[in-house]
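See structure below.
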Amino acid sequence: MVDLTELMENEVFMAFTSYTTIILSKMMLMSTATAFYRLTRKVFANPEDCAGFGKGENAKKYLRTDDRVERVRRAHLNDLENIVPFLGIGLLYSLSGPDLSTAILHFRLFVGARIYHTIAYLTPLPQPNRALAFFVGYGVTFSMAYRLLKSRLY
Amino acid sequence: MVDLTELMENEVFMAFTSYTTIILSKMMLMSTATAFYRLTRKVFANPEDCAGFGKGENAKKYLRTDDRVERVRRAHLNDLENIVPFLGIGLLYSLSGPDLSTAILHFRLFVGARIYHTIAYLTPLPQPNRALAFFVGYGVTFSMAYRLLKSRLY
Amino acid sequence: MVDLTELMENEVFMAFTSYTTIILSKMMLMSTATAFYRLTRKVFANPEDCAGFGKGENAKKYLRTDDRVERVRRAHLNDLENIVPFLGIGLLYSLSGPDLSTAILHFRLFVGARIYHTIAYLTPLPQPNRALAFFVGYGVTFSMAYRLLKSRLY
């Protein structure tokens with residue numbers, strides 16, 4: 001059996017592991033935020049979810065959309081759209097032997113930008129706070145993709 | 001060239017491979033379920049999709065939303081939101097050298113919970129069936145993330 | 001420390017890296033396409049995004065949905081739903097030691113099909129252009145999943 005601890009002794013890969021775990025955990029908290037707003041504001045998407053609040057017509061009034069809930073859901077979807085490319089490109093980039101400090105700079109910028117993006121989206125902060133956070137994360141991912149394609153194109 | 005069969009001889013990684021392939025295949029079947037309901041209920045999102053059912057104004061009546069189709073789409077999006085973190089965190093967790101039986105317990109619980117979540121969402125079963133299935137999968141992913149961060153934080 | 005360049009000398013893995021980076025970069029461009037249509041058509045989802053166009057009631061008229069923007073968003077979500085399984089299954093497939101030419105055929109077909117899918121969705125081309133592109137990508141992913149499960153089921 002291969003000694004996988006070898007892979008985990010690679011410092012770039014270890015850094016990637018830590019930052020990816022942090023940003024994926026943050027993304028999962030968006031589900032909790034959605035559930036929190038749905039329950040406190042009594043806004044549901046499925047009839048079975050609000051069955052406890054009343055029967056028949058009385059329950060139907062909870063099947064609506066709410067600005068606050070939709071905002072969290074858009075932030076969550078935006079996370080998905082940006083963290084999935086980071087996950088794929090970042091993993092391959094980590095395995096391509098980049099310079100340690102450059103790699104860590106990429107990971108830190110991405111994680112910081114996405115956390116700031118969520119804060120800017122949920123507060124909400126005036127633009128261009130959210131747009132800037134988005135473009136920093138976007139740029140970091142493209143920078144890693146550029147390095148991969150420049151050196152590895154098959 | 002490195003002998004990659006070594007990686008595939010690692011039992012935790014092999015188990016991760018099997019369970020991930022199963023749960024990603026299940027997620028892909030949600031696309032088929034959406035297509036099935038769209039075709040049998042004649043509910044479409046794009047004008048070009050229902051061009052075969054009639055011309056002009058006659059076709060526009062098929063551009064609508066339907067409870068059943070929206071339910072499948074919500075289940076699919078919920079799958080995405082939960083399987084993406086499992087994919088990233090689970091891969092890194094598999095490479096971090098966990099105990100085989102603990103790892104398999106995590107993978108089996110997650111796959112079982114997500115399959116039950118889909119059944120509970122599409123039937124639909126009364127709450128808290130779906131909520132419990134969601135939280136089991138959620139807890140499993142956080143448990144793996146916790147182990148990673150505890151031992152690997154850079 | 002393990003010499004990770006060994007992994008990058010594996011030709012199947014190098015091919016997977018290149019094609020994955022290409023298709024994830026393409027998916028990220030969908031965000032830019034959404035932003036482009038939102039700005040040129042002045043269609044926004046958040047009040048803070050159109051604050052520059054006017055105050056109070058004047059700004060609210062920009063908070064609407066638009067066919068063109070919704071079309072790009074559906075194409076983006078469809079990308080996510082199909083590229084996430086490709087990312088997970090394709091990575092594990094690349095590590096399972098497949099035949100090089102078979103693997104490259106899979107990757108090329110998938111990348112080509114998804115690019116054609118986006119063209120067919122955004123133009124829009126009449127059906128079944130988009131449906132065929134979808135099923136080619138879908139079939140490629142299932143073909144890789146089948147090979148994994150046949151040989152690796154734990």
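Values in this document were obtained by computation on a predicted structure and should not be read as measured data. We name chains A, B, ... by the order of the sequence lines, and we start the count at 1 in each one.
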**Fill in**
Max heavy-atom pairs within cutoff under 4.5 Å with chain A, candidates C/Ile83, C/Ile23, C/Thr20, C/Thr32, goes to C/Thr32
**Message:** So C/Thr21 and A/Tyr93, do their side chains get closer than 4.5 Å, heavy atoms only?
**Reply:** no
**Item:** Interatomic spacing from CG in A/Leu87 to CG in C/Leu24 - rounded to 0.5 Å
**Value:** 9.0 Å
**Asked** Is chain A contacted by the side chain of C/Met27, its backbone, both, or neither, given a heavy-atom distance below 4.5 Å?
**Response** side chain
**Message:** Under 4.5 Å from any heavy atom of chain C, what part of A/Phe134 do you find: side chain, backbone, both or neither?
**Reply:** side chain
**Enclosure of C/Asp67 CG (heavy-atom neighbours >12, cutoff 6.0 Å)** = no
**Complete:** Here the gap from C/Met14 atom CE to A/Leu148 atom CG, rounded to the nearest 0.5 Å, amounts to 11.0 Å
**Asked** Quick one: CD on A/Glu81 to CG on C/Leu80, what's the gap to the nearest 0.5 Å?
**Response** 5.5 Å
**Request:** Using non-hydrogen atoms and a 4.5 Å limit, figure out which bit of C/Ser25 sits close to chain A: side chain, backbone, both or neither.
**Result:** both
**Prompt:** Any idea which heavy atoms bring A/Phe142 and C/Leu29 closest together, and the distance?
**Reply:** CZ-CD2, 4.1 Å
**Request:** For atom CZ of A/Phe135, decide whether the heavy atoms of other residues, nucleotides or ligands shown that lie under 6.0 angstrom number more than 12.
**Result:** no
**Prompt:** When you look at CZ of A/Arg73, are more than 12 heavy atoms from neighbouring residues, nucleotides or ligands closer to it than 6.0 Å?
**Reply:** no
**Message:** At a 4.5 Å cut-off on heavy atoms, which part of C/Ala35 comes close to chain A: side chain, backbone, both, or neither?
**Reply:** neither
